[in-house]
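For clarity, every value in this text was computed on a predicted model and none was experimentally measured.
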Amino acid sequence: MNLQMATRHALFAVLELASRPDEQLSALDIADRYDISANHLAKVLRVLGRAGIVEAVRGVGGGYRFVGKAKRLSLMDIVSLFEPIGSPDHSTAPGARTPQGQALRLVMTEIEDTARSTLSSITVETMLKLAGRMDAP
Amino acid sequence: MTDGHLTDLLIEEALISDLDEVQRLDALVTAHPKPDHWRLLIEGSRTSPESRFFLVARRGDRLLGLIAGEIRVWEFGSPPCGWIYTVAVDPDARETAVGTRLFQAICARFRRQGASTVRTMVGRNEHLVLSFFRSQGMMAGPFVELEMEIRP
Ligand SMILES: CC(C)(COP(=O)(O)OP(=O)(O)OC[C@H]1O[C@@H](n2cnc3c(N)ncnc32)[C@H](O)[C@@H]1OP(=O)(O)O)[C@@H](O)C(=O)NCCC(=O)NCCS
């Protein structure tokens, strides 16, 4: 399963900001660290700002800081701002009503339920601990 | 939370005399009273202390939490592995690391008996319990749970 680019950028931005809760970072700081486009990231940060997960700090040295609750914010909370996990309704897709279409739906639902459960039960804090156990490049 | 908050918390093997408190706790967490189930689990942990574990967390005479599990050997071809089949903390004592202390204590016992893996099974939609186990570092393992109805 692949996440869309905006979702990956959002997850990186949240993890970076949440790992340094006392600092404010610009889109450029974060973009450099993950080798991603600062322009694209700036748009993503605005969405995260509207959701109350990060806050823009104005003025000299301004940037963004994390204002969410790392122990409670799940990856699903972030992902769902950018893309749905699993499409809710396939019933109108071609072939959906055939037995094969229904069987396929059952299999896809199993996969999507697992993805949702995984993303919903991993908090930002748990993710930071996980990242802490990985090797630096 | 300070260390002082935890100093009077005792984690130890359950006694048969804990049964009433265990049932009180179970009633706070699930809607299905199951006295025989709990009695058998506690008795099993007393008669087979190297493979079956039932630990409780107490402060004074109040039981604040429980965790139960066992070591299973070569199940589905898997080397000795600790299985946790239940964990529960009194709602009034949650989010003060009682669950973490119970988890660490049962893992220490599993390790002492030669298990190098700990395993559990949690409902896909039980996000609280899943978040708890994940916060301890647990991830999906190499097995997939499969089931079907076998009604006549
Ligand atoms: C899951 C449970 C055992 C956790 O016990 P606890 O003593 O509150 O857990 P801890 O305080 O040690 O918390 C450890 C971690 O779990 C996670 N966690 C605990 N409560 C949480 C909550 N309400 N929301 C999200 N994550 C939570 C956090 O990551 C927490 O780490 P933190 O303290 O750094 O935030 C407890 O909530 C419980 O008994 N729930 C019902 C269990 C149940 O239904 N059992 C029957 C079937 S097994």
Side-chain angles (χ1 to χ4, degrees), chain A residues 1-3 7-8 11 14-15 18-19 21 51 53 66 68-81 83-88 99 102-136, chain B residues 1-3 5-6 29-30 65 67 76 83-89 91-104 107-108 111 116-151:
Chain A
M1 186 187 134
N2 282 324
L3 291 170
T7 314
R8 282 175 63 84
L11 290 170
V14 170
L15 291 171
S19 70
I53 296 171
F66 179 71
K69 277 204 180 117
K71 289 181 176 186
R72 294 292 171 264
L73 188 68
S74 73
L75 298 187
M76 190 68 192
D77 295 330
I78 302 164
V79 170
S80 60
L81 294 172
E83 61 182 283
I85 294 296
S87 358
Q102 292 175 46
L104 183 59
R105 183 84 292 258
L106 216 57
V107 173
M108 297 317 290
T109 302
E110 178 178 319
I111 295 171
E112 290 160 7
D113 284 352
T114 305
R116 258 193 296 270
S117 168
T118 301
L119 292 170
S120 302
S121 63
I122 300 183
T123 61
V124 166
E125 176 155 299
T126 295
M127 195 65 180
L128 289 176
K129 281 193 224 159
L130 189 59
R133 293 204 296 271
M134 303 285 147
D135 294 329
Chain B
M1 178 191 31
T2 62
D3 275 334
H5 193 90
L6 291 177
V29 174
T30 72
I67 196 162
F76 305 113
W83 261 97
I84 293 177
Y85 30 69
T86 194
V87 60
V89 171
D92 290 339
R94 287 190 189 165
E95 298 185 50
T96 58
V98 174
T100 300
R101 293 270 310 272
L102 284 163
F103 179 84
Q104 289 170 347
C107 286
R111 220 176 280 121
S116 55
T117 311
V118 55
R119 198 168 276 159
T120 191
M121 191 157 69
V122 183
R124 220 178 243 158
N125 295 321
E126 290 192 43
H127 294 163
L128 171 59
V129 185
L130 278 174
S131 297
F132 167 75
F133 281 124
R134 287 189 180 281
S135 82
Q136 307 302 323
M138 293 185 88
M139 306 273 296
F143 296 93
V144 177
E145 185 253 358
L146 296 175
E147 63 178 44
M148 65 184 262
E149 282 187 19
I150 48 169
R151 277 194 295 212

Show the pairs of one donor and one acceptor atom, one from chain B and one from chain A, lying under 3.5 Å apart.
{"residue": "B/E95", "atom": "OE1", "partner": "A/R72", "partner atom": "NH2", "Å": "2.4"}
{"residue": "B/R124", "atom": "O", "partner": "A/S117", "partner atom": "OG", "Å": "2.8"}
{"residue": "B/R124", "atom": "NH2", "partner": "A/T114", "partner atom": "OG1", "Å": "3.4"}
{"residue": "B/R134", "atom": "NE", "partner": "A/S121", "partner atom": "OG", "Å": "2.7"}
{"residue": "B/S135", "atom": "O", "partner": "A/K129", "partner atom": "NZ", "Å": "2.8"}

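- Proximity of B/F132 to B/V89: side-chain heavy atoms (C-beta onward) are nowhere separated by under 4.5 Å.
- Applying the side chain to side chain contact (heavy atoms under 4.5 Å, CB included) test to B/A108 and every residue at least two apart in sequence or in another chain returns B/R111, B/R112.
- Shown here are the side chain to side chain contact (heavy atoms under 4.5 Å, CB included) partners of B/F143, two or more places apart in sequence or in another chain: B/F76, B/S78, B/R119.
- Contacts of A/A51 classified as side chain to side chain contact (heavy atoms under 4.5 Å, CB included), with partners at least two apart in sequence or in another chain: A/I53, A/L81.
- B/V118 approaches B/C107 most closely through the heavy-atom pair CG1-SG, 4.1 Å.
- For the atom pair CG of A/L11 and CG of A/L75, the computed distance is 6.0 Å after rounding to the nearest 0.5 Å.
- For A/L130, the part lying under 4.5 angstrom from a heavy atom of chain B is the side chain only.
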